[in-house]
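Here is how names work: the chains are called A, B, and so on, in the same order as the sequence lines, proteins then strands, and each is numbered from 1.
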2 protein chains.
Amino acid sequence: MSSGEMDGEQVTIRHVAARAGVALSSVSRTLTGHPDVSPAMRQKVEEAVEALGYEPDLLAQSLRSGTTRTIGFIIRDIANPLFALVARACEQELRRNGYSMILMNSDGSVETESKNLLLLRRRRVDGVIASLVAEDSPYIKKTILSLRRPLVLLDREMKDLNASAVITDHYTGVYDATAHLIKMGHEEVAFVTGAENVYTTRDRLRGFRAAFQDAGRPVPEKWMALGGFDAEYALIHTRNFLAKTPRPTALITGGIGSTAGALRALNELGLQIGKDIAFVAIDEWPLFDVFTPPISSVYRDAKAMGGEAAHLMLEMLNGKEPSESIIETKFTVRTSTDGGL
Amino acid sequence: MSSGEMDGEQVTIRHVAARAGVALSSVSRTLTGHPDVSPAMRQKVEEAVEALGYEPDLLAQSLRSGTTRTIGFIIRDIANPLFALVARACEQELRRNGYSMILMNSDGSVETESKNLLLLRRRRVDGVIASLVAEDSPYIKKTILSLRRPLVLLDREMKDLNASAVITDHYTGVYDATAHLIKMGHEEVAFVTGAENVYTTRDRLRGFRAAFQDAGRPVPEKWMALGGFDAEYALIHTRNFLAKTPRPTALITGGIGSTAGALRALNELGLQIGKDIAFVAIDEWPLFDVFTPPISSVYRDAKAMGGEAAHLMLEMLNGKEPSESIIETKFTVRTSTDGGL
DNA sequence: GTGAAAGCGCTAACAT
DNA sequence: ATGTTAGCGCTTTCAC
């Protein structure tokens, strides 16, 4: 049989040794590819392994070696389509290199995130890849410092952590998008997204402001809603903004959830994007290509982000120093940026 | 400190025992809540644990106990928004019960799926939750039988496996959707989805056929494309069908990927759903509520699926016999089912 | 080249 | 109520 078990009993290296009539250590040597193994020995061991369906216990190997070949992946919400793409690419790359991924959702809560980090440490994962809820929680920072394992951050900026990071250049994409709106004649551009306690928002905001400044126009600070990446927040604040008179003539949403919430609000109010209001989404929903009208967007390659995260992790596991990897963004004009004026 | 390490050395139960001036086993007893522990002992141990920042090693506990409090989750593709919702709900429920989830994508390949199953076994996971690529692979079946751990299948029907299953009642939803189209006057209804080697497709097909039979109409067998759940397959076959003369007047797509592919094809051909062709999607994309026109759909609760999967797993881990849980589907008429005739 | 034995960190007998 | 010891399955000295 090949199940690694007989009669519900696990087959251990002991059984193999007994069956082959050799010592435990010889079986281990043979299986781990030690050079000092005679062909005769190899033969006997392989026969026994085959006959018993022996399979090394990764748990025991881990305890012995101190390495689990396991990476923790902490994310706010795996149901965010962008992060699902990141997670998929990351898992694939880690798996190709012999690592497994333990997935944990932090549900947008620093407490859960913290608990997850501690649990991963107790599970002795070899490293952690995380998209943190916030950068300004001293508690999380302390927890992270206590991890003492390679860490890769996704789109976060934190000092003194000795961590690698996959950083998105939001600035460029958002700058281009905003400049385009300004060129079309928009002054009252609303911006709905998450809070400034993450790099993501700060870098986008930097691009947004710079575009206005470079155009010699005042930054429309009153049309900024920077409170949450969730759809609910965007729904409420988009609704709010559009109820005012005068109202914004254009809208930029930062993030998958914000876009969903804003589109819901617009739908509810009967406002058509690309006609009643100009609209730009930062980050693309998977189905954006068949939306009507086609949505102008700031795109980034989620697959590359996941691959890079895995790559940076593997490098650190190989003893390299932490480093950063930059992901580009690209603004694409489609028809949702028409109208509004 | 609270890191569980000093000078890079892990703090073990040994250090705690030494510091507290007691025996190893007393520390263990105190920490595992054994009744025979004096208040004085508890005091000493807790002081030492606190002072050293001791943290039990889950790996060592696992080796000892034979249980890892870890569940393997195998899925075709975590970037499928429906499955991402399933995974999220499942992870949350497992986590609440002290289990962690190891996520593996099978990338639609039986080989990868098989390797993943074997790896999970070697990792000594306590159970596996899986959405299998196919039901008719004898190799997978053998691998599964050799798992000898609780197994929960998502939307799959396999005999003699002693597994629990979360089963969707696709029949009802698809029957209603098809009956609606027939009532609207459609005879040439196309159906684009995955292959019949999974329950999902077979049950949907059953509903599709039954609706025609009950209406006394011939089942439009020639408009069936049952080859793959991926968007690419749907794109090609939708394109194909619509190039014919006469062409189908209505289209049903089964699954997230199929819907995406079909919508792409329709977009490409300049055909508007709800006008040039009647359209029903089985399973909803997260953003469907803001699509124009609103898409008629067969809905199922992905969150409930994930929760049920976790629930069935936890029951089996508590020694209960395998069982099934049925998830309902509901057809909702929106405007995409107008037109086409 | 092979075997015997120690030990990774922990828990559960078994003593006392 | 507490201490001593064996052992989970494995790898790695250390002898020979």
Side-chain angles (χ1 to χ4, degrees), chain A residues 3-6 8-46 48-49 52-70 121-126, chain B residues 3-6 8-46 48-49 52-70 121-126:
Chain A
S3 74
E5 319 200 5
M6 305 191 69
E9 286 281 318
Q10 205 189 117
V11 174
T12 76
I13 204 170
R14 226 187 187 84
H15 301 127
V16 178
R19 161 105 189 196
V22 300
L24 273 169
S25 47
S26 296
V27 178
S28 176
R29 266 191 294 262
T30 307
L31 265 34
T32 54
H34 192 96
D36 292 351
V37 173
S38 71
M41 175 64 83
R42 160 144 283 120
Q43 171 89 31
K44 279 187 286 184
V45 170
E46 281 171 354
V49 164
L52 298 172
Y54 169 75
E55 185 175 57
D57 186 327
L58 230 32
L59 218 54
Q61 290 182 323
S62 289
L63 182 63
R64 191 60 238 259
S65 68
T67 164
T68 54
R69 296 198 79 82
T70 281
R121 188 174 71 190
R122 284 195 44 190
R123 287 206 176 277
R124 304 296 183 243
V125 296
D126 292 345
Chain B
S3 74
E5 318 200 7
M6 307 191 68
E9 286 281 318
Q10 205 192 79
V11 175
T12 75
I13 204 169
R14 229 187 184 81
H15 301 125
V16 177
R19 160 104 189 195
V22 300
L24 274 168
S25 48
S26 297
V27 178
S28 176
R29 267 191 294 258
T30 307
L31 265 34
T32 54
H34 192 97
D36 293 351
V37 173
S38 71
M41 174 65 81
R42 163 145 281 122
Q43 172 91 28
K44 281 187 286 187
V45 170
E46 281 172 355
V49 164
L52 299 172
Y54 169 75
E55 186 174 56
D57 186 329
L58 230 31
L59 219 53
Q61 290 182 324
S62 289
L63 182 62
R64 190 59 238 259
S65 69
T67 163
T68 55
R69 296 196 79 83
T70 280
R121 188 174 70 189
R122 283 196 45 193
R123 287 206 177 276
R124 304 295 185 242
V125 296
D126 292 345

Is it the case that the side chain of A:Arg124 and the backbone of A:Gly66 share a donor-acceptor pair, with hydrogens and angles ignored and the cut-off at 3.5 Å?
no
B:Val22 has its side chain closest, among D:dG3, C:dC10, C:dG9, to D:dG3
Options C:dC10, C:dT2, D:dA1, nucleotide nearest the side-chain atoms of B:Asp36
D:dA1
Separation between NE2 (B:His34) and OG (B:Ser26), nearest 0.5 Å, reads 10.0 Å
Comparing nearest nucleotides in DNA chain D, the 5'-proximal residue of the pair B:Lys44, B:Ala60 is B:Lys44
In whole angstroms, the gap separating P of C:dG3 from CZ of A:Arg29 amounts to 8 Å
Please state whether the base of C:dA4 and the side chain of A:Ser25 form at least one donor-acceptor pair under 3.5 Å?
yes
Distance from B:Leu31 atom CG to B:Arg42 atom CZ, nearest 0.5 Å?
8.5 Å
Nearest-Å distance, NE2 (B:His34) to P (C:dC10)?
18 Å
Determine the contact category for B:Ser62: base if any of its heavy atoms lies under 4.0 Å from a base atom, sugar-phosphate if only primed atoms, P, OP1 or OP2 are that close, otherwise nothing.
nothing
Heavy-atom donor-acceptor pair, B:Arg14 side-chain to C:dG7 base, under 3.5 Å:
no
Please tell me if B:Ser38 has a side-chain N or O lying less than 4.0 Å from either OP1 or OP2 of D:dT2.
yes
Take atom CD of A:Gln61 and atom C1' of C:dG7, then tell me their distance rounded to the nearest Å.
16 Å
Starting at atom CE of A:Met41, determine the distance to atom P of C:dG1, rounded to an integer number of angstrom.
11 Å
Rounded to whole angstroms, how far apart are CG on B:Leu59 and C1' on C:dG7?
15 Å
When the nearest nucleotide of DNA chain C is assigned to A:Ala23 and to B:Ile13 on a heavy-atom basis, which residue is associated with the more 5' position?
A:Ala23
Can you say whether a donor on the side chain of A:Ser28 sits under 3.5 Å from an acceptor on the base of D:dT12, or the other way round?
no
When the distance from CG of B:Asp57 to C1' of C:dG7 is rounded to whole Å, what number comes out?
14 Å
Would you kindly give the CG-to-P distance between A:Leu24 and D:dC8, to the nearest whole Å?
11 Å
First locate atom NE2 of B:His15, then atom CG of B:Leu24, and finally report the distance between them rounded to the nearest 0.5 Å.
10.5 Å
How close do A:Thr70 and B:Arg123 get, heavy atom to heavy atom, and via which atoms?
OG1-NH1, 3.2 Å
Nucleotide nearest B:Thr12 (side chain, heavy atoms from C-beta), chosen from C:dG9, D:dG9, D:dT4:
C:dG9
Rounded distance in Å - NE2 (A:His15) to P (D:dC8)
9 Å
